[in-house]
Structures are given as structure tokens and as C-alpha cells.
Amino acid sequence: MMAQYHEVKRGLPANTLLLFRLGDFYEMFFEDAEVGSRLLGITLTRRQDTPMCGIPHHAAENYVGKLLAAGKKVALCDQAEPAKGRQARPAPAHPHPLPRHHAGRQPARCREEPLPLRPDAERRRPARRVARPLDRRVRLATDVRPENLLPVLTALDPAELVLIEGQLEKWRAAPHDQHAVHALHQFCAPRLCSELPGYHFEVTDGARTVMDALGVLNLQGFGLAHSHPALGAAGAVVHYATENLCAKPENLRSLQEYRSTRTLLLDPATLRNLEIFASTRGTREASLLGAIDRTTTAAGSRLLERWLAAPGLDLAEIQRRQAAGW
């Protein structure tokens, strides 16, 4: 049994808590048990000097929700068939898609989605590429000035970021005069960061991965060239989602490009001082967003957040929204 456990554990991403089904319980072992018992407030026991703790399988929904809320990755290992062993199925830290029994536990306006962030490989082009999966779309953003993407990142407030291996440490060790790079590090460091090898962020491979996920032969219908620099990050997050879901994400339907030249850029300090998304007490209710948000769906709420984070400069679009009652 433990050989099977170690085999499954080795195949999971780093820092993933494995809940291993034994009878009517999901058990955690070794370091996972120590972390899980602390986060869940359950008893840590030992069997033959092996730390372990368990949760009832019928209550797994509540316990897994607590682990996800604590910023942990979780994988559930169920018995596939009585005679053929077990297989792991991950419980991702973002709501699109989720196992059915977890979907009801996500807040209506939850923004826990993986966000890949890729720096440009060429020193003379300090661009940052962002691809954000949201509902049925992948949104792409790229800019030659990384500080221009900080307002976008602040508005998205992702629970998890997907980075190139070693990138976070490079940002931390950057020269002191590279203020934008240090701002990126300060933004990413407190959040859950998952690292992938750099080749997953290659533009050519990313374009193929995205087209495969969308079920299209080219990206012309989305107004994008196959050489768009943000497609590398988009491919990385699709790959990451596929690996963690053990299946290709089926909810992606379109691509959309974000361009900072079309919007008014608000830096994180301005968003914080104006209490756009959070009040001085750190709550949403007393913020501008909390005061004006009368949307009825999570997608509508996220759209309003995006508008507030990057107000449009197109006069015709502004007047259209006013005429529609926004």
C-alpha cells in the first residue's frame, strides 16, 4: 500500500497534499500529515513512526475547501477498481473547472485562478506576458514596460501564479534600481507560485497548445498571429491546467487581447489609496467596487472589476456603457 502511495506522490506537482483513500477515510502521511493536521485542526497520529492523519471521505468537501483556501494544492487518490489499484485526481486551486462536489463551495466572486507570467527572454525587451484563463476565455496581455501590467495583476488578484523555474529568485536578486522588477517580486512572493520549465513558455509550442485546447486550426478568427508573445504564457497555463486536472480543459472557447494603450493605467498605490477594490480595513464591502457592484453573476462582477482596474479611453465605448445604464 505504501509503495502505491509513494508512486502516486512522485507523480504529483511539488507541494501538493495527497489525500489517499483507505476505506472510509482519506489519509495523509509524512509531511503532508503534519501540514494537514495543522491547517485542519485534526489529530496527528503515528503508526510505526509514520505521521498520519485522516478525514472521513463523506466530509472531504469541507476539508478540501479549507486546504484550498489556505493556498495549498490538493490531490485525491481514489480506488479506481477493486483489483486494479488507484489513480490520483487533483482538486485544483481554481474554480474552472472543478470537481462537481467542490464547485458549490467556491464563493460567487472567487478569483482563484492560475495566472502565468513570463518575462521576455531578450535583455533589450523587458516585456512581460500574461495569459489569464477566465470562464470560457483566455485573455492575453503583453507590454514592453512591466510596470504597466502591475495594475492588471492587482485587479486580477490571482491566488496562484505560474512562473518559469527560478524566475522569482531572479526578480528578488535584481539590481535595486529596477523598481518595476522588484514590484513584480513583491506582488508574487506572498502568493502561491508554481514553477514550470522554461520550454513550456515557448511561443510556438504555446500557440499549438492553445489551438488544441480551443479546437481550432489557427488563431485568425481571434485576430491573433501565431507569433503573439503572450501565447507562450497561455500555452503554459493550459499545460498546467491539463496536468493538474488529468484532462484537457474543456471550458475554453475564445481568446481576447488586452492592450494597455486602450485604457487608463492605475498603479497599485492608486488603486489602494482610492480604495477601488478594498477599503483601508482590507474588506471589499467598503470599497468602490463593493458600493457599485450590482451584478448578478460572477462573470459580470469580474467584468466590472476589469473596467475599474483599467478604465477605457474609447469615448464611443464610454458613451455606450453610459447609455446602457453603467
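Counted by atom type alone, K9 and T16 present zero donor-acceptor pairs between their side chains at under 3.5 Å. Residues S194 and E160 bring a donor and an acceptor atom of their side chains to less than 3.5 Å of each other.
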Practice task
Show the numbers, then the answer: is there a side-chain contact (heavy atoms from CB on, under 4.5 Å) between E27 and L18?
Solution key: CA-CA 8 Å; E27 298 287 351; L18 174 58; over 6 Å; no

Practice task
Apply the test side-chain contact (heavy atoms from CB on, under 4.5 Å) to residues D293 and E305: give CA-CA distance (whole Å), side-chain angles for both, the deciding distance (0.1 Å), then the verdict.
Solution key: CA-CA 9 Å; D293 189 357; E305 290 176 7; 5.8 Å; no

Problem - Working for side-chain contact (heavy atoms from CB on, under 4.5 Å), residues V74 and Y26 - result: CA-CA 12 Å; V74 180; Y26 281 112; over 6 Å; no

Exercise for the section: Let me see the working for H226 and M211 under side-chain contact (heavy atoms from CB on, under 4.5 Å), right down to the final yes or no. Expected result: CA-CA 10 Å; H226 289 190; M211 287 188 293; 3.7 Å; yes

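Panel note: side chain R21, backbone G23; a donor-acceptor pair is recorded below 3.5 Å. Remark: the backbone N or O of V238 is paired with a side-chain donor or acceptor of T242 at under 3.5 angstrom. Using a distance-only test at 3.5 Å, with no hydrogens or angles considered, no donor-acceptor pair links the side chain of D32 to the main chain of L17. Not a single donor-acceptor pair under 3.5 Å links the side chain of H182 to the backbone N or O of D177. Looking at R294, its side chain does come within 3.5 Å of a backbone N or O of A291 through a donor-acceptor pair. E275 places a side-chain N or O within 3.5 Å of a backbone atom of T280 that can act as its donor or acceptor partner.
The two residues I164 and F201 come nearest to each other via the heavy atoms CG1-CD1, 3.5 Å. Heavy atoms only, all atoms of each residue included: A207 and L231 are closest at CB-CD1, 3.9 Å. Taking both residues in full, the closest heavy atoms of A278 and S287 are given as N-CB, 3.5 Å, listed atom of the first, atom of the second, then distance. Of all non-hydrogen atoms in E195 and G166, the two that sit nearest each other are OE2-N, 3.4 Å. For S37 against C53, the heavy-atom pair with the smallest separation is N-SG, 4.0 Å. The two residues C193 and C188 make their nearest non-hydrogen contact at SG-O, 3.3 Å.
Taken from NZ in K66 to CD1 in I42, the straight-line distance is 9.5 Å, to the nearest 0.5 Å. Going from atom CG of N62 over to atom CD1 of I55 covers 9.5 Å, rounded to the nearest 0.5 Å. For the atom pair L19 CG and L76 CG, the distance stands at 5.5 Å (nearest 0.5 Å). Atom CD of E7 and atom CE of M2 lie 13.0 Å apart (nearest 0.5 Å). Rounding to the nearest 0.5 angstrom, the gap separating the CG atom in L168 from the CG atom in L184 is 10.0 Å. To the nearest 0.5 Å, atom CD of residue E34 and atom CE of residue M52 are 13.0 Å apart.
Side-chain contact between F25 and L22 is absent, with no heavy atoms from C-beta onward closer than 4.5 Å. Proximity of L192 to K73: side-chain heavy atoms (C-beta onward) are separated by under 4.5 Å at one or more points. Side-chain contact between K72 and L39: present, with at least one pair of heavy atoms (C-beta onward) separated by less than 4.5 Å. Residues L289 and R284 are in side-chain contact: their nearest non-hydrogen atoms beyond the backbone lie under 4.5 Å apart.
By the 6.0 Å and 45° rule, R191 stacks over the aromatic ring of F187. For the pair R321 and W307, the cation-pi test (distance below 6.0 Å, angle within 45°) is passed.
Put simply, I318 and L313 are part of two different groups of oily side chains (I, L, V, M, F, W, Y) that touch within less than 4.5 Å, one to the next. Under a hydrophobic clustering in which Ile, Leu, Val, Met, Phe, Trp and Tyr are joined whenever their side-chain heavy atoms come within less than 4.5 Å, directly or via other members, L304 and I276 fall into the same cluster. Follow the hydrophobic side-chain contacts under 4.5 Å out from L44 and you never reach F20; the two are in separate clusters. One hydrophobic cluster, built from ILVMFWY side chains closer than 4.5 Å, holds both V216 and V237. Hydrophobic clustering, with ILVMFWY side chains joined whenever heavy atoms are under 4.5 angstrom apart, groups I292 together with F277.
At a threshold of 4.0 Å, the pair R320-E317 counts as salt-bridged, since one of the basic side-chain nitrogens sits closer than that to a carboxylate oxygen.
Sorted by first and then second residue, the ring pair (Phe, Tyr, Trp, His ring centres under 6.0 Å) pairs involving residues 28-75 (not counting sequence neighbours) are Y5-F29, H6-F30.
Within 6.0 Å of CD in E31 there are 12 or fewer heavy atoms belonging to other residues, nucleotides or ligands.
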